[in-house]
Amino acid sequence: MSDTNDPTDGDSAQIPSVLDRRRLMQALGAGAAVTALGANAVAAGGTSAQDDLPADRSSEEIHPAFGFAALSMDVEPPVEPDHVVEAETRPREDREIPEFFFEPTGLYIEPGDTVQFSLVSPHHSVTAYHPAQGIQQRVPDDVPPFSSPVLPVNAYWLYTFDRPGVYDLHCGPHEIFGHVIRIVAGEATGPGAEPVPEPEPMAEPETDSDPEEMPDEGTEQPEHENGPNGNGDENGTGEYDDPDETDPDPEDEAPPEEGPEPRPPVGAALTVFGDPALEPERIVERERVSWEEIDDANKQIML
């Protein structure tokens, strides 16, 4: 299927005006960046599992962080896959933005099984929710921050899920559109088995202040108790004339803030993961959960 309606490709699709375009593009850019970072995270270190990666793996084998990528279905895989998942794009008549989804969207496998992700449409990745990529962990402990590259149509990517537990994965460029998959290897355990956060309500748009409440130009403002400038000085310099006033002790200053916390799934990824059809125990019971089983309301883009 041609990905002619991919909203990330030029002007082929218009984003509805109800979306915050700037936040949407930031999310799309962040997704692509996370994919690129994920593919190189092992080289930089970051988890104990990465220290155990064998140094003599051939590029023809399935790497625990990089997997195995082939640009054509004609390339013979190093191992026969146990399962096949398709990354698809499908236009919708009732929406300007197409659907981006994995089929199936929920999959049960045995630990050690190899899954082939086949690209029916282009420009998709398969990326783990992992703190080393700036995202909340939703894969088993000691699993590397694995990711495929962003691949073209007719390509495929292989990954072997060695450790038991729940694996929540997403397409870097299209996470915000709900392009995610949940794989349960053997048992519904680990961080991915925990419920995803509830979506936050959309913020009310900011409005300009009422002009009637603004003071007229030239109106004399009342003097503050601490001086005409409201800061305790009389000359507008911001300096105090009180000789007893001293500069704050540097040791009393607050310590610098740490980096941002790993973020949860965003956009429709959050609501798709929260759909009852993708409950980990249900995936174990049914073994395959189709994209069609996800409530249509949970496929809507949420910012």
Side-chain angles (χ1 to χ4, degrees), residues 31 34-35 38-39 47 49 62-69 77 79-88 100-120 124-133 135-148 151 156-172 174-175 178-196 264-265 268-294 298:
V34 163
T35 301
T47 68
I62 300 176
H63 194 278
F66 307 134
F68 176 88
V79 299
E80 193 68 24
D82 300 288
H83 310 270
V84 176
V85 172
E86 294 185 339
E88 303 188 31
F100 303 90
F101 61 97
F102 292 105
E103 184 59 44
T105 311
L107 178 65
Y108 173 80
I109 65 175
E110 294 293 339
D113 281 359
T114 297
V115 178
Q116 175 177 305
F117 297 85
S118 302
L119 272 76
V120 178
H124 303 304
S125 78
V126 183
T127 303
Y129 281 88
H130 196 288
Q133 301 183 44
I135 331 173
Q136 288 182 0
Q137 180 180 344
R138 299 197 60 82
V139 294
D141 292 335
D142 297 326
V143 169
F146 64 87
S147 177
S148 76
L151 292 168
Y156 72 85
W157 186 71
L158 300 178
Y159 192 77
T160 300
F161 295 82
D162 288 321
R163 296 184 183 274
V166 176
Y167 292 77
D168 281 354
L169 316 173
H170 68 282
C171 168
H174 303 127
E175 177 195 7
H179 198 174
V180 297
I181 182 172
R182 174 168 287 159
I183 294 178
V184 181
E187 56 189 38
T189 58
E194 298 296 324
V196 292
L270 193 62
T271 50
V272 170
F273 277 139
D275 193 281
L278 287 184
E279 287 285 344
E281 292 292 351
R282 186 176 186 272
I283 294 175
V284 173
E285 178 185 348
R286 297 179 62 89
E287 297 189 352
R288 293 175 69 92
V289 177
S290 171
W291 175 251
E292 302 300 330
E293 299 180 53
I294 307 299
N298 289 328

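In this text, all values refer to a predicted model and were calculated from it rather than measured experimentally. Any value given below was found using the heavy atoms of this structure, including those in side chains, with hydrogens, waters and symmetry copies removed.
- For Tyr159 (side chain) and Pro64 (main-chain N/O), a donor-acceptor pair under 3.5 Å exists by modelled atom type.
- The distance from the OG1 atom of Thr127 to the CD1 atom of Ile135 is 7.0 Å, given to the nearest 0.5 Å.
- A distance of 6.0 Å or more separates the ring centres of Phe146 and Phe66.
- Put simply, the side chain of Asn298 never gets that close to the backbone of Asp275: no donor and acceptor are under 3.5 Å apart.
- Judged by distance alone, the side chain of Ser125 and the main-chain N or O of Gly172 form a donor-acceptor pair under 3.5 Å.
- When side chains are defined from C-beta on, Ile62 counts as touching Val79, because their heavy atoms get closer than 4.5 Å.
- Two rings, from His170 and His179, have their centers 6.0 Å or more apart.
- Of all heavy-atom pairs between Asp162 and Tyr167, the closest is N-OH, 4.1 Å.
- His124 and Phe100 have perpendicular rings, their planes meeting at more than 60° on a 0 to 90° scale where under 30° would count as parallel.
- Minimum heavy-atom separation, Val196 to Arg182: CG1-NH2, 4.3 Å.
- Of all heavy-atom pairs between His83 and Leu107, the closest is CB-CD2, 4.0 Å.
- Summarising the geometry of Pro191 relative to Asp141, their closest heavy-atom pair is CG-OD1, 4.0 Å, with the distance given to 0.1 Å.
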Stepwise, does the side chain to side chain donor-acceptor pair (under 3.5 Å) test hold for Glu103 with Ser290? CA-CA 6 Å; Glu103 184 59 44; Ser290 171; 3.2 Å; yes
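- Closest non-hydrogen pair, Pro77 versus Leu158, comes out as CB-CD1, 3.6 Å.
- Side-chain atoms of Tyr129 and Glu175 include a donor-acceptor pair closer than 3.5 Å.
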Determine all donor-acceptor pairs shorter than 3.5 Å in which one atom belongs to a side chain in residues 276-284; sequence neighbours excluded.
| unit_1 | atom_1 | unit_2 | atom_2 | d |
| --- | --- | --- | --- | --- |
| Arg282 | NH1 | Ala277 | O | 3.0 |
| Arg282 | NH1 | Glu293 | OE1 | 3.2 |
| Arg282 | NH2 | Glu293 | OE1 | 3.0 |

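- Not a single donor-acceptor pair under 3.5 Å links the side chain of Thr160 to the backbone N or O of Asp113.
- A distance of 13.5 Å separates CD of Glu110 from CZ of Phe161, quoted to the nearest 0.5 Å.
- In terms of heavy-atom proximity, Pro140 sits nearest to Gly165 at CG-CA, 3.9 Å.
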Verdict with supporting geometry, Tyr156 and Leu119, side chain to side chain contact (heavy atoms under 4.5 Å, CB included): CA-CA 6 Å; Tyr156 72 85; Leu119 272 76; 5.9 Å; no
Output, in order, the C-alpha distance, side-chain angles, deciding distance and verdict of side chain to side chain contact (heavy atoms under 4.5 Å, CB included) for Thr114 and Asp82. CA-CA 5 Å; Thr114 297; Asp82 300 288; 4.0 Å; yes
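- Side-chain N or O atoms of Arg138 include none that pairs as donor or acceptor with a backbone N or O of Pro265 at under 3.5 Å.
- Not counting sequence neighbours, the partners of Ile181 by the side chain to side chain contact (heavy atoms under 4.5 Å, CB included) test are Val85, Phe102, Phe117, Leu169, Ile183.
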Take Val180 and Cys171 through the side chain to side chain contact (heavy atoms under 4.5 Å, CB included) test and state the conclusion after the steps. CA-CA 6 Å; Val180 297; Cys171 168; over 6 Å; no
